[in-house]
Amino acid sequence: MVGGGMGFDSTTLATVLPAVAELQELKAGMRVHCLALKAGYHSDVHVLTGLVSLYSKCKELETARLLFGHISQPDLICYNAMIAGYTCNNETESSVSLFRDLLASGEKVNSSTIVGLIPVSSPFGHLHLTGSLQTFCVKSGIVSHPSVSTAFVTVYCRLNEIELARQLFDQSKEKTLASWNAMISGYTQNGLTETAISLFREMMSEFSPNPVTVTSILSACAQLGAISLGKWAHGLIKSKNLESNIYVLTSLVDMYAKCGSIVEARKLFDSMTEKNVVTWNAMISAYGLHGDGHEALKLFTEMLHSGISPSAVTFLSVLYACSHAGLVREGEEILDHMVHNHGFEPLPEHYACMVDILGRAGKLEKALEFIKEMPVEPGPPVWGALLGACMIHKNTELARVASENLFELDPDNTGYYVLLSNVYSADRNFPKAASVRQVVKNRNLAKTPGCTLVEIGETPHVFTCGDRSHPQATAIYRMLDELLGKMAEAGFQTETVTALHDVEEEEKELMMKVHSEKLAIAFALIETAPGAEIRIFKNLRVCLDCHNATKFISKITERVIVVRDANRFHHFKDGICSCGDYW
DNA sequence: GTAGGGTTAG
């Protein structure tokens, strides 16, 4: 149809352009542009509007701006395209000033004008602008338009103003599937996974989930370790024939990996005919999460051969995998490769990962050297990685250096105080440890409460430290006592040094044994058949005592126990953990 | 014709 003197009209061109723009195919778009010029449509307002939109989406803002300037009498649609173009290229000021021109001309704006103005893609620093826009929309009544309120819900979620988003969502009279999706994904992206899932259940009475919904829900399952809901979603995907959607499949791979089924994840990954950089990243970081650094490196090489260009996240995933497998030389090579062969400037996250690699492997001085030589100012993730390494390798001197920086940069983060206190305890410097904890108390900082989730059948059970709220609490504690008895016979000693030290020894031991992970394991032992694998999920890093105890339990009960903590997976079998005790 | 909701790291 195209070229060769065959006839095609401006409508055809204007129809092709959005599809090309959606794919961000600049080269294809430029060919369409050439065709349009050859066919004499260089002043057709429809074609030009399509081109403005195309060049904006391909980050060719200058070209878009130029074309817009050539339109003698731009209509509202045209203005909308240019306004959206400025916004998605982070030129908020130009976007707003064009909007003002439009208003001043007396033209009535529509919902698309507003949607194009809301800084959804780069919201940071635009809370005030968003608020003013919202006021304008409330006054003009345009806020009742579903796409407008959905865009506001999205931007507030991205600004971590989840309450504001929810208010808007609740107030919107006409809710579309997109409105629900925006709110549900807002919750998952803010880590409020349970709220996301309950909202999803609410939604189900009004709408059938689409690929966007499924993607968000799978992400929630992955974060939570909710394998049964994840499997249910997998069934839904099959029944609704959503297996060709790359977002859906990528999040499915991620869900299986984060719920402990790395084999299932890999099977799915291998079966995918289309894979993008995110798909590869998900699979690479899955291996990192499970401590298989070599497989992660292998996959990274395969990725390069497949012709997919790695992103900054790819390198982070590979580095992360190296750190959890103790692959120091490989990590250094990857970072070097990233800079010299791929032309990436390392982000602070890459530096933090490298510090983690060196520190975790015990090369603490080298890590400090690395920090000093970094061309960017080290932030909390960098010092945090060093502090974590000091904890593993019991280096109080460097821990002091790291934490001094951390307390200055991020004074309200209790995790760092807990880490430092644990370093001192490990060094048996109890007065120092106590004084660090006192700071937390004095400043009234809230500690994140630890909790562990275990699924029995389809039902998730959540335990907190010292939890007695479970209906089977009595049986659980009895099982725990029985286990502790057998463990003591096998030589297990409660590790109190990393716990609280302002309580009596006996009391300490009492508190230790009721950590949420031990309760969850005891419960799972009661509820599952002998020999069955046990999987538990903890929101924080597993403590040294629980890690040690789980080794003993795996041996005594002859069970494989898989623990996912905030950092990674631990596979316990026969008294040994796959992490090699460096976690 | 312009326009709202989605996956990966930490």
Side-chain angles (χ1 to χ4, degrees), chain A residues 10-11 13-18 21 44-54 56-57 74-85 87-88 109-118 120 145-155 157 169 175-186 188-189 209-219 222 245-255 257-258 275-286 288-289 311-321 323 347-350 352-353 356 379-382 384-385 566-567:
Chain A
S10 63
T11 318
L13 281 171
T15 321
V16 168
L17 281 169
D44 184 292
V45 68
H46 296 165
V47 172
L48 287 172
T49 302
L51 287 169
V52 166
S53 171
L54 170 97
S56 303
K57 283 190 183 159
D75 59 4
L76 177 64
I77 314 285
C78 222
Y79 268 99
N80 288 355
M82 195 63 237
I83 288 171
T87 305
C88 77
V109 303
N110 66 11
S111 62
S112 306
T113 322
I114 304 299
V115 172
L117 265 168
I118 301 174
V120 172
H145 201 288
S147 62
V148 171
S149 61
T150 300
F152 276 119
V153 167
T154 307
V155 76
C157 286
F169 174 78
K175 290 189 185 71
T176 61
L177 181 54
S179 326
W180 286 91
N181 287 342
M183 198 62 237
I184 291 169
S185 77
T188 55
Q189 284 162 7
N210 74 352
V212 180
T213 327
V214 172
T215 305
S216 292
I217 283 305
L218 284 171
S219 166
N245 186 305
I246 194 158
Y247 283 88
V248 167
L249 287 179
T250 301
S251 43
L252 202 54
V253 166
D254 182 56
M255 185 280 291
K258 291 207 176 124
K275 299 184 186 89
N276 63 19
V277 60
V278 182
T279 316
W280 285 93
N281 292 352
M283 197 64 232
I284 290 171
S285 52
L289 197 65
S311 67
V313 176
T314 312
F315 288 103
L316 264 175
S317 307
V318 180
L319 289 173
Y320 170 77
S323 94
L347 297 171
E349 292 92 329
H350 293 108
C353 229
D356 192 49
V382 169
N567 283 332

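Fair warning: this is a prediction, and the values are worked out from it, not measured in the lab. Each chain gets a letter, A, B and so on, in the order its sequence line appears, and its residues count up from 1. When reading the values below, keep in mind they use all heavy atoms of this one structure, side chains included, and skip hydrogens, waters and symmetry mates.
Of the possible donor and acceptor atoms, one in the side chain of A:Asn110 sits under 3.5 Å from a partner among the backbone N and O of A:Thr113. Using a distance-only test at 3.5 Å, with no hydrogens or angles considered, no donor-acceptor pair links the side chain of A:Thr250 to the main chain of A:Tyr247. Checking side-chain atoms of A:Thr176 against main-chain N and O of A:Ser179 turns up a donor-acceptor pair under 3.5 Å. A side-chain donor-acceptor contact under 3.5 Å links A:Thr188 to the backbone of A:Ser185. No donor-acceptor pair closer than 3.5 Å links the side chain of A:Ser251 to the backbone N or O of A:Ser219.
Side-chain atoms of A:Thr215 and base atoms of B:dG5 include no donor and acceptor less than 3.5 Å apart. Counting atom types as modelled, A:Asp75 pairs a side-chain N or O with a base atom of B:dG1 as donor and acceptor under 3.5 Å.
Atom OG of residue A:Ser111 and atom CD1 of residue A:Ile114 lie 8.5 Å apart, to the nearest 0.5 angstrom. In this structure, CD1 in A:Ile284 is found 6.5 Å from OG in A:Ser317, a value given to the nearest 0.5 Å.
Per the geometry, CG belonging to A:Asn110 stands 14 Å off P belonging to B:dG1, to the nearest Å. A:Leu54 has its CG atom 16 Å from the P atom of B:dG1, to the nearest Å. Rounded to an integer number of Å, the gap from CZ of A:Phe169 to P of B:dG4 is 19 Å. The distance from atom CE of A:Met255 to atom C1' of B:dG6 is 16 Å, rounded to the nearest whole Å. Between A:Asn80 atom CG and B:dG4 atom C1' there is a gap of 13 Å when expressed in whole angstrom units. A:Leu319 places its CG atom 12 Å from the C1' atom of B:dG10, with the value rounded to the nearest Å. B:dT7 atom P lies 11 Å from atom CD1 of A:Ile217, rounded to whole Å. In this structure, A:Leu249 atom CG and B:dT7 atom P are separated by 15 Å, rounded to whole Å.
A:Val212 comes within contact range of at least one nucleobase, with a heavy-atom separation under 4.0 Å. Across all strands, A:Lys175 comes closer than 4.0 Å to no nucleic acid atom at all (heavy-atom distances). A:Thr176 comes within 4.0 angstrom of a nucleotide base, judged by non-hydrogen atoms across all strands. Across all strands shown, A:Lys275 has no heavy atoms under 4.0 Å from either base or sugar-phosphate atoms. Within 4.0 Å of A:Val248, counting heavy atoms only, lies at least one base atom of the nucleic acid.
When distances are taken from the side chain of A:Val45 to each of B:dA9, B:dG1, B:dA3, the shortest belongs to B:dG1. Ranking B:dT7, B:dT2, B:dT8 by closeness to the A:Asn276 side chain, first place goes to B:dT7. Comparing B:dT7, B:dA3, B:dA9 by their closest approach to the side chain of A:Lys57 singles out B:dA3. When distances run from any side-chain atom of A:Tyr247 to the nucleotides B:dG5, B:dG6, B:dA3, the shortest one goes to B:dG6. Closest to the side chain of A:Ala84, from the set B:dA3, B:dG5, B:dA9, is B:dA3. The nucleotide whose nearest atom lies closest to any side-chain atom of A:Ser285 is, among B:dT8, B:dG1, B:dG5, B:dT8. Comparing B:dG1, B:dG10, B:dT7 by their closest approach to the side chain of A:Ser219 singles out B:dT7. Considering only the side chain of A:Gln189, B:dT7 comes nearest among B:dT7, B:dA9, B:dG4. Side-chain atoms of A:Ser111 lie closest to B:dA3 of the nucleotides B:dA3, B:dA9, B:dG4. Nearest to the side chain of A:Ser53, among B:dG6, B:dA9, B:dT2, sits B:dT2.
Shown for residues 177-184 of chain A: residues whose heavy atoms fall under 4.0 angstrom of DNA chain B, namely A:Leu177, A:Ala178, A:Asn181, A:Ala182.
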Would you check, one step at a time, whether the test side chain to side chain contact (heavy atoms under 4.5 Å, CB included) holds for A:Cys78 with A:Val45? CA-CA 8 Å; A:Cys78 222; A:Val45 68; 4.3 Å; yes

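Taking only side-chain nitrogens and oxygens, A:Lys258 never comes nearer than 4.0 Å to OP1 or OP2 of B:dT7. Between A:Tyr79 and B:dT2 there is no side-chain N or O to OP1 or OP2 distance below 4.0 Å. Taking 4.0 angstrom as the limit, A:Thr154 places none of its side-chain polar atoms (N or O) nearer than this to OP1 or OP2 of B:dG4.
A:Thr150 and A:Ser147 are not linked by any side-chain donor-acceptor pair at a separation below 3.5 angstrom, with hydrogens and angles left out of the test.
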